[in-house]
Amino acid sequence: MNGDFWGLPVNVWIIFAAAVVTYATRVGGHMMLSRMRSIPPRVDAALNAVPAAVLATLVAPAAVSNGSAEAITLAVCLVIGLRLPMMGMFAIGWALVVALRAWGL
Amino acid sequence: MSPSRTDFLTGVRASVPIVAASAPFALLFGALAVDNGLSVGEAVLMSALLFAGASQMVGLELFSSGIAPWIIVFSVFAVNFRHVLYSAALGRRMGLMPGWRKAVAFFFLTDPQYASAETRADGGKPLSFAWYMGMAVPIYLFWVLGGFLGAVFGRLITDPEAIGLDALLPIYFLGLVLGFRQRSGWLPVVIASGLASIAAYHTVGSPWHVSLGALAGVIVAVLLPPVPDTAGSAPAAREEAS
């Protein structure tokens, strides 16, 4: 995107606006919830499910859509991740995906 | 050492694997930014002000396609919408922080920051501002520095796929998902979110699969029979149960 607007490149204005909406998502949830006096058990259960629910959506499509090397790697990581700590699983997964791709998958 | 200094250093220690895991993406972002027509300064500005990797990558893809500015901003908002849920979930546990500190802390609310904060609160340790910033500041500084170095030296990484860079984020997120497996309802929630996100990815398309998939998992959690005194429940809920 080219051109200036009020002395700044349009790209910079886009970045400013993107920064504002990003910060809004980071404070927004808390601001909405802090208006409630106490948290009902169902809402609490919903919030406790948030991390696994969101993070799973960042994994599942990659496992089925990005080719067989990534699919095999994530399946293996799922198994070893139940036994090994995070960094061990991460290192093995990285090595495995590079090896599978070098092998032609 | 004062308790806040100890907390800060504990946070710094917790940041080390995140800094290592995010460094390739910081570099990759800088390299792709310059590739997509941003200046080095604009790439650094974007890393410094957004501090949200996935949305920065999506933003870049749109910058190069000459799309209307409001669509770029809206796409960034859509990718980052999951932070609304993080913010609501974590706000319950930030009771120790006064208002302005909370406002600062929320700026640094990334996926790993959120996951680590929840894990720390699960372990019964205080979610203090010192610990939180001890973790957030190194991640932030290395993220911005990596973006700068990537923008300057980006052409050196000629084939990110050959060295598996593009596959690292899903592996990392899988590790985070597994870290929450002690929570009640974890398996049905993960299965529902995973299946719904795949379905949404192939129908509505990215980035909506994140919000729609997460919504499916959260709905399952609400519909499951409530379990009193679960590992992941907030202090407020424990008081109500007892």
Side-chain angles (χ1 to χ4, degrees), chain A residues 1 9-19 21-30 32-34 38-39 41-42 44-66 69-70 73-74 77-78 81-82 86-87 89-90 93-94 97-98 101-102, chain B residues 17 21 38 42 45-46 49-50 52 59 63 69 72-73 76-77 80-85 87-89 91-92 106-107 109 115 118 163-164 167-168 170-178 180 183 185-186 189-190 193-194 197-198 201 209-210 213-214 217-218 221-222 226 232-234 236-237:
Chain A
M1 205 129 329
V10 173
N11 277 350
V12 172
W13 287 109
I14 295 174
I15 292 169
F16 283 157
V21 297
T22 299
Y23 185 69
T25 63
R26 285 175 168 152
V27 287
H30 174 62
M32 278 188 284
L33 201 69
S34 60
S38 66
I39 302 171
R42 294 274 180 192
D44 199 53
L47 293 176
N48 282 328
V50 167
V54 177
L55 294 164
T57 71
L58 303 176
V59 180
V64 298
S65 311
N66 291 3
E70 198 153 326
T73 301
L74 287 170
C77 284
L78 178 61
L82 295 170
M86 173 73 158
M87 284 321 280
M89 186 211 76
F90 188 76
W94 191 349
V97 75
V98 171
R101 283 180 183 177
Chain B
L38 260 63
E42 287 167 350
L45 186 71
M46 199 171 178
L49 291 185
L50 267 71
F63 268 122
I72 302 180
V73 175
V76 167
F77 177 74
N80 286 330
F81 193 75
R82 66 187 189 282
H83 294 134
V84 173
L85 298 173
S87 158
R92 301 173 300 169
F106 277 126
F107 176 81
L109 189 58
E118 286 270 5
I163 51 171
L168 291 186
I171 296 173
Y172 178 71
F173 289 138
L174 175 64
L176 292 180
V177 171
L178 293 175
F180 289 103
R183 292 199 175 181
W186 177 83
V189 166
V190 167
S193 290
S197 68
I198 291 169
Y201 187 79
H209 67 283
V210 175
V218 169
V222 172
S233 65

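Protein chains get the first letters and strands the later ones, always in sequence-line order, with residue 1 at the start of each.
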### Task
With a 4.5 Å cut-off on heavy-atom pairs, point out which of Ala21(B), Ser193(B), Gly217(B), Ala52(B) contacts chain A the most.
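Max contact count across the listed options: Ser193(B).
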### Task
Could you have a look at Leu38(B), Leu174(B), Val218(B) and say which one has the most heavy-atom pairs with chain A under 4.5 angstrom?
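Sorted descending by pairs with chain A, the first entry is Leu174(B).
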Check: [Y] main-chain N/O paired with [X] side-chain donor or acceptor under 3.5 Å:
{"X": "Ser197(B)", "Y": "Gly194(B)", "answer": "yes"}
{"X": "Thr25(A)", "Y": "Thr22(A)", "answer": "yes"}
{"X": "Ser87(B)", "Y": "Gly29(A)", "answer": "yes"}

Chain A contact via [X] - which portion, at a heavy-atom distance below 4.5 Å:
{"X": "Leu45(B)", "value": "both"}
{"X": "Phe180(B)", "value": "side chain"}
{"X": "Tyr201(B)", "value": "side chain"}

Best-contacting candidate, [options], against chain B by heavy atom pairs under 4.5 angstrom:
{"options": "Val64(A), Val59(A), Val97(A)", "value": "Val59(A)"}
{"options": "Arg42(A), Glu70(A), Met32(A)", "value": "Arg42(A)"}
{"options": "Cys77(A), Ala63(A), Ala69(A), Ala24(A)", "value": "Cys77(A)"}
{"options": "Gly81(A), Ala17(A), Ala52(A), Pro61(A)", "value": "Pro61(A)"}
{"options": "Thr73(A), Asn66(A), Leu78(A)", "value": "Leu78(A)"}

#### Entry: With sequence neighbours excluded, residues passing salt bridge (Lys or Arg N to Asp or Glu O under 4.0 Å) with Arg82(B)
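So Arg82(B) forms a salt bridge (Lys or Arg N to Asp or Glu O under 4.0 Å) with Asp111(B).
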### Task
Can you see which heavy atom on Ala62(A) is nearest to which on Leu58(A), and at what distance?
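What the structure gives for the nearest pair is CB-O, 4.4 Å.
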### Nearest heavy-atom neighbours spanning Ala56(A) and Val177(B)
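Taking Ala56(A) first and Val177(B) second, the nearest heavy atoms are N-CG2, 3.6 Å.
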### Sequence-distant partners of Phe106(B), ring-ring contact (aromatic ring centres under 6.0 Å, His included), two or more places apart
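Scan of Phe106(B) (ring-ring contact (aromatic ring centres under 6.0 Å, His included), adjacent residues dropped) gives His30(A).
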### Task
Please look at Phe90(A) and chain B and tell me whether the side chain, the backbone, both or neither of the residue comes under 4.5 angstrom of a heavy atom of that chain.
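Contact with chain B involves both backbone and side-chain atoms of Phe90(A).
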### Minimum side-chain heavy-atom gap Phe77(B)-Val73(B) below 4.5 Å
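No - every pair of side-chain heavy atoms lies 4.5 Å or more apart.
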